[in-house]
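Everything on this sheet refers to the single structure shown next.
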Amino acid sequence: MVEAVAMDLKSQINLEKLPQHIAVIMDGNGRWAKQHNKPRVFGHRNGVRSVREVTEAAAELGVPYLTLYAFSTENWKRPYTEVNALMGLLVDTLHKEIETLMKNNIRLQAIGDLSKLPSSTHRALLDGIEKTRHNTRMTLVLALNYSAKWEIIEAARKLAQEVQADKLDPNAIDEKIFANALSTSGMPDPELLIRTSGETRISNFLLWQIAYAELYFTPVFWPDFRKENLYEAIIDYQQRERRFGKISEQLAK
Ligand code: FPP
């Protein structure tokens with residue numbers, strides 16, 4: 001039954017008009033756990049299944065880039081036990097799933113201040129990135145110890161250093177040069193941003209890159225998010241008219 005519903009939704013997707021980059025704010029793990037009378041980390045553990053489902057569904061459809069917000073720079077403020085459990089979960093998941101990424105030809109990348117991650121997490125991540133670097137079907141980007149304001153400041157610092165070293169003319173700085181100084185350099189901007197759990201905030205995620213993204217908010221908690229939920233988000237995205245500042249009549253039909 002569930003399979004049939006998923007197939008029906010999948011068949012409604014126009015594969016010619018897929019978003020080239022989907023970004024997801026995975027939210028609601030803690031509330032999901034509470035609903036089940038379990039500790040918060042139970043929610044994170046169940047969230048891993050959703051990560052697998054969404055990655056598989058996006059790759060099967062042919063979405064070239066999928067970015068998942070796994071840990072923000074603000075998340076360090078959580079209780080130590082939760083941060084520790086999350087970092088451990090990441091290491092375990094990376095170890096377990098690298099084979100799956102290889103089998104499915106998926107390349108792993110990461111954005112954020114990775115050097116500040118615990119060394120085991122950092123190592124597991126770099127190992128996964130290295131092993132999968134030649135894969136071509138889809139790029140899975142994990143945002144870890146990431147915040148958009150941090151990223152924008154880093155980019156500004158990098159460009160300022162280039163100017164100081166006489167390698168860059170300040171008048172030459174344009175959108176392209178600035179975008180290339182960001183950690184997402186070379187990736188298309190997200191065209192669809194999904195946030196789960198009913199929250200309708202951006203929370204310091206990809207602020208520069210989502211300038212024209214379509215935003216999709218769903219009340220579903222992340223551990224309950226399945227392939228069908230991704231299909232629904234894409235169908236909703238495809239029904240919207242993306243004008244980029246123009247009027248309807250100017251858009252190519
Ligand atoms: C948000 O829910 C979720 C997170 C901060 C962590 C997401 C991490 C995973 C799903 C684990 C593994 C990820 C990968 C990529 C292997 P919340 O804790 O903010 O929930 P709440 O708002 O209900 O408290």
Side-chain angles (χ1 to χ4, degrees), residues 19-27 51 54-55 58-59 63-77 83 86-87 90-91 93-94 97-98 101 106-165 167-168 170 172-195 201-213 215:
Q20 296 302 291
H21 187 167
I22 300 178
V24 187
I25 303 177
M26 309 182 286
D27 198 8
V51 169
V54 166
T55 306
V63 173
Y65 284 85
L66 173 68
T67 297
L68 304 178
Y69 204 2
F71 196 85
S72 76
T73 51
E74 288 85 15
N75 285 152
W76 298 109
K77 295 180 200 145
V83 172
L86 263 172
M87 290 298 153
L90 268 162
V91 176
T93 310
L94 285 164
E97 304 294 342
I98 291 303
L101 294 180
I106 297 170
R107 177 170 66 148
L108 182 68
Q109 290 205 329
I111 54 172
D113 192 357
L114 307 182
S115 65
K116 304 251 167 58
L117 294 171
S119 59
S120 55
T121 313
H122 195 194
R123 241 181 295 125
L125 196 61
L126 294 185
D127 186 49
I129 292 171
E130 166 67 19
K131 282 201 177 114
T132 61
R133 73 184 192 284
H134 295 305
N135 293 346
T136 53
R137 185 177 180 201
M138 183 177 86
T139 301
L140 171 65
V141 185
L142 298 184
L144 277 167
N145 194 23
Y146 173 89
S147 90
K149 286 189 176 180
W150 164 82
E151 178 187 42
I152 290 169
I153 289 171
E154 283 299 304
R157 199 193 323 274
K158 197 168 143 192
L159 296 178
Q161 282 163 350
E162 286 179 27
V163 168
Q164 199 176 35
K167 288 182 185 149
L168 179 66
I173 298 175
D174 57 9
E175 283 193 18
K176 202 166 160 223
I177 288 183
F178 200 87
N180 279 333
L182 295 169
S183 51
T184 48
S185 167
M187 301 178 193
D189 284 341
E191 293 180 297
L192 171 61
L193 172 71
I194 300 172
R195 183 168 189 153
R201 289 183 296 279
I202 301 300
S203 299
N204 216 344
F205 191 41
L206 301 173
L207 293 180
W208 169 281
Q209 298 87 338
I210 60 165
Y212 285 102
L215 310 182

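Note that these values count all heavy atoms, side chains included, but never hydrogens, waters or copies made by symmetry.
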Answer yes or no: is there a side-chain heavy-atom contact under 4.5 Å between [X] and [Y]?
X: D113; Y: Y146; answer: no
X: L142; Y: I111; answer: no
X: L66; Y: T139; answer: no
X: I25; Y: I194; answer: no
X: L144; Y: Y69; answer: no
X: I22; Y: P190; answer: no
X: Y212; Y: D189; answer: no
X: H134; Y: R107; answer: no

- Message: Could you check whether R133 pairs with E130 (Lys NZ or Arg NE/NH1/NH2 to Asp/Glu carboxylate O, under 4.0 Å)?
- Response: yes
- Give a yes or no on whether a salt bridge exists between D127 and R123, defined as a side-chain N under 4.0 angstrom from a carboxylate O.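 Salt bridge absent between D127 and R123.
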Rounded to the nearest 0.5 Å, how far does [atom2] of [Y] lie from [atom1] of [X]?
X: L94; Y: L108; atom1: CG; atom2: CG; answer: 6.5 Å
X: K131; Y: L101; atom1: NZ; atom2: CG; answer: 11.0 Å
X: M187; Y: Q209; atom1: CE; atom2: CD; answer: 9.0 Å
X: S72; Y: F205; atom1: OG; atom2: CZ; answer: 10.5 Å
X: L125; Y: N145; atom1: CG; atom2: CG; answer: 11.0 Å
X: I152; Y: F178; atom1: CD1; atom2: CZ; answer: 6.0 Å

Checking [X] side chain against [Y] main chain: does a donor-acceptor pair fall under 3.5 Å?
X: T55; Y: V51; result: yes
X: T121; Y: L117; result: no
X: N204; Y: S147; result: no

- Message: side chain to side chain contact (heavy atoms under 4.5 Å, CB included), that's the test. Do I173 and L159 meet it? Break it down for me.
- Response: CA-CA 8 Å; I173 298 175; L159 296 178; 4.2 Å; yes
- Could you walk me through whether K77 and E74 pass the salt bridge (Lys or Arg N to Asp or Glu O under 4.0 Å) test, one step at a time? CA-CA 6 Å; K77 295 180 200 145; E74 288 85 15; 5.5 Å; no
- Task: Kindly indicate, with the supporting measurements, whether the criterion side chain to side chain contact (heavy atoms under 4.5 Å, CB included) is fulfilled by I177 and L168.
- Result: CA-CA 10 Å; I177 288 183; L168 179 66; 4.2 Å; yes
Smallest separation among heavy atoms of [X] and [Y], with atom names:
X: N180; Y: G186; value: OD1-N, 4.3 Å
X: M138; Y: V63; value: CG-O, 3.1 Å
X: P170; Y: V163; value: CG-CG1, 3.8 Å
X: G112; Y: W150; value: C-CH2, 3.3 Å
X: Q20; Y: E191; value: N-OE1, 2.6 Å
X: I202; Y: L215; value: CD1-CD1, 4.2 Å

- Task: Mind running side chain to side chain contact (heavy atoms under 4.5 Å, CB included) on Q109 and L140 for me, showing each step along the way?
- Result: CA-CA 6 Å; Q109 290 205 329; L140 171 65; over 6 Å; no
- Residues V141, L68; criterion side chain to side chain contact (heavy atoms under 4.5 Å, CB included); working and verdict: CA-CA 6 Å; V141 185; L68 304 178; over 6 Å; no
- Message: Before you tell me yes or no, could you show the steps for H21 and T67 under side chain to side chain donor-acceptor pair (under 3.5 Å), namely the whole-Å CA-CA distance, both residues' side-chain angles and the distance that decides it to 0.1 Å?
- Response: CA-CA 8 Å; H21 187 167; T67 297; 2.7 Å; yes
